[in-house]
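In what follows, residues are counted from 1 in the order of the sequence shown.
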Amino acid sequence: MSFTVFTDACSNLPGRLLTQLDIQVLPCSYTLDGVPGVFDGDMEKFDSHAYYDKLRAGAVMKTSLLNAELFCSYFRPQLEQGRDIVYVGLSSGVSGTFQSANIAAQELKEEFPQQCIRLVDSLGAAFGPGLLACMAADLRSAGNTAQQTADILDEKVPHLLQFFTVDDLNFLKRTGRVSGATAMIGSVLGIKPLLWGDPTGHIVAHSKCRGRKKAIDAIVEMYRTRVVDAQNQRIAISHGDCEEEALELGRRIREIAAPKELIICPHEPFTGSHVGPGMLALFFFGTAREI
């Protein structure tokens, strides 16, 4: 029995990949300076420069959780066609959306008891769920069932590493990632944190670096020491409107261990509002996350 791969608009995937791999996206709602909008998840349609310029100017982005009704409205038609479902979602450690998916899945399992509905908590953000959704599509093409695919993804989640740095600590301060005092001192001293998705799916500080160059060097070092089997994996870099640095990061990791495919594109707007302009992130599979 075939299955449908779902993810949501926070997964950072370019439209070409969504089409090529046949990945279905649940849209995300937001307000930007009080004006409502909906993002369909296609990063090739996202005007990142204009968006991050608005954040630089003080625009306020507010995001909404995906509710259970939305999940049901997207999942039910696939189940009615006899298709199983694998959904890869934003970390339960940073959003309540995954809980909404669970509520919807329980309801739908009662309606469709013979079909498989599997939810995979990426314990990550942006390309965290994005890369796993791509892997799910690859596994489907290789002939795996929904059950087999989700089992493999669950095994891969602890090995999906996500390291990033930010340019302005005040964006992290607004969401409680750092205190006001830390943001102020860090800004004065030029401290740039190296952040990561920890084993529980929370975004936390991994280490502190003096200056942006050293922070980017630290990301490169994480890749050098922790990547596994680069030549057989899809790796991704996202950025908050700092494309030149993203391209340079891509050049450096290719020199260390060239991946099968490297995706470089702007960071999606939802978690992008928490990390701000100048965010630079690297996503890859490697040694297991450890506290």
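Nearest approach of Ile264 to Gly250, heavy atoms of both residues: CD1-CA, 4.3 Å. Of all the heavy atoms in Gly96 and Leu65, the pair that sits closest is N-CD2, 3.6 Å. In terms of heavy atoms, Val157 sits closest to Ser122 at CG1-O, 3.5 Å. Taking each heavy atom of Pro259 and Ile235 in turn, the nearest pair found is CB-CD1, 3.5 Å. Taking all atoms of both residues into account, the shortest heavy-atom contact from Tyr52 to His239 is CE1-O, 4.3 Å. When all heavy atoms are compared, the tightest approach of Asp42 to Asp40 is N-OD1, 3.0 Å.
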Test side-chain contact (heavy atoms from CB on, under 4.5 Å) applied to Val227 and Gln233, step by step
CA-CA 10 Å; Val227 71; Gln233 63 168 291; 3.8 Å; yes
Between Glu243 and Leu247, does the side-chain contact (heavy atoms from CB on, under 4.5 Å) criterion hold? Intermediate values first, please.
CA-CA 6 Å; Glu243 184 177 22; Leu247 293 172; 4.0 Å; yes
side-chain contact (heavy atoms from CB on, under 4.5 Å) between Lys54 and Asp33, intermediate numbers included:
CA-CA 9 Å; Lys54 288 178 180 178; Asp33 276 348; over 6 Å; no
Check against side-chain contact (heavy atoms from CB on, under 4.5 Å), Thr165 and Ile219:
CA-CA 8 Å; Thr165 190; Ile219 294 175; 4.2 Å; yes
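In this structure, Leu123 and Ser92 have side chains that are in contact, with non-hydrogen atoms separated by less than 4.5 Å. Side-chain contact between Arg76 and Phe112: present, with at least one pair of heavy atoms (C-beta onward) separated by less than 4.5 Å. Residues Leu153 and Leu139 form a side-chain contact, since some pair of their non-hydrogen atoms from C-beta on lies under 4.5 Å apart. With contacts defined as side-chain heavy-atom distances shorter than 4.5 Å, the pair Leu194/Trp196 does not qualify. With contacts defined as side-chain heavy-atom distances shorter than 4.5 Å, the pair Phe285/Arg234 does not qualify. Side-chain atoms of Arg226 and Phe163, non-hydrogen and from C-beta on, do get closer than 4.5 Å to each other. Looking only at side-chain heavy atoms (C-beta outward), Cys265 and Glu44 stay at 4.5 Å or farther from each other. Inter-residue side-chain proximity for Leu13 and Met43 is flagged as unmet; no heavy-atom pair is nearer than 4.5 Å.
Between the Ser2 side chain and the Arg83 main chain, no donor and acceptor come within less than 3.5 Å of each other. In this structure, Ser141 contributes its side chain and Ala137 its backbone to a donor-acceptor pair below 3.5 Å. Between the side chain of Arg289 and the backbone N or O of Leu161, no donor-acceptor pair lies under 3.5 Å. Not one N or O on the side chain of Arg118 forms a donor-acceptor pair closer than 3.5 Å with the backbone of Val86. Side chain of His206 to main chain of Leu195: no donor-acceptor pair is present (N/O by atom type, distance under 3.5 Å, no hydrogens or angles).
Legend: residues meeting side-chain hydrogen bond (donor to acceptor under 3.5 Å, both in side chains) with Tyr87, ordered by chain and number and at least two apart, are Asp8. For Glu268, the side-chain hydrogen bond (donor to acceptor under 3.5 Å, both in side chains) partners are Thr271, not counting sequence neighbours.
Of the candidates Gln115, Gln114, Lys109, Gln115 is the only one forming a side chain to side chain contact (heavy atoms under 4.5 Å, CB included) with Leu79. With Leu280 as the fixed residue, the side chain to side chain contact (heavy atoms under 4.5 Å, CB included) test singles out one of Glu248, His267, Lys192, Glu245: Glu245.
In this structure, Ile253 CD1 and Phe284 CZ are separated by 8.5 Å, a value rounded to the nearest 0.5 Å. If you take OG1 on Thr149 and CG on Leu132, they are separated by 12.0 Å, rounding to the nearest 0.5 Å. In this structure, the separation between OG on Ser11 and CG on Leu18 is 8.5 Å, given to the nearest 0.5 Å. Taking CG of Leu70 as the start and OG of Ser29 as the end, the distance is 7.5 Å to the nearest 0.5 Å. Ser238 contributes atom OG, which lies 10.5 Å from atom CD1 of Ile263 (distance to the nearest 0.5 angstrom). The distance from the OG1 atom of Thr63 to the CG atom of Leu32 is 11.5 Å, given to the nearest 0.5 Å.
The same ILVMFWY cluster, assembled from side-chain heavy atoms under 4.5 Å apart, contains both Ile237 and Ile256. When the side chains of ILVMFWY residues are joined at heavy-atom separations under 4.5 Å, either directly or via intervening members, Val94 and Phe164 end up in a single hydrophobic cluster.
For Asp217 and Lys214, the salt-bridge test fails: no basic side-chain N is under 4.0 Å from an acidic carboxylate O. Between Glu221 and Arg224 a salt bridge is recorded (basic side-chain N to carboxylate O distance below 4.0 Å). Comment: Asp229 does not engage Lys260 in a salt bridge, judged by the lack of any side-chain N to carboxylate O separation of less than 4.0 angstrom.
Residues Phe46 and Tyr51 bring their aromatic ring centres within 6.0 Å.
Note: Phe75 and Phe6 have tilted aromatic rings, judged against thresholds of 30 and 60 degrees for the angle between ring planes.
Side-chain atoms of Asp22 and Gln24 include a donor-acceptor pair closer than 3.5 Å.
Atom CD of Gln231 is surrounded by more than 12 heavy atoms from other residues, nucleotides or ligands within 6.0 Å.
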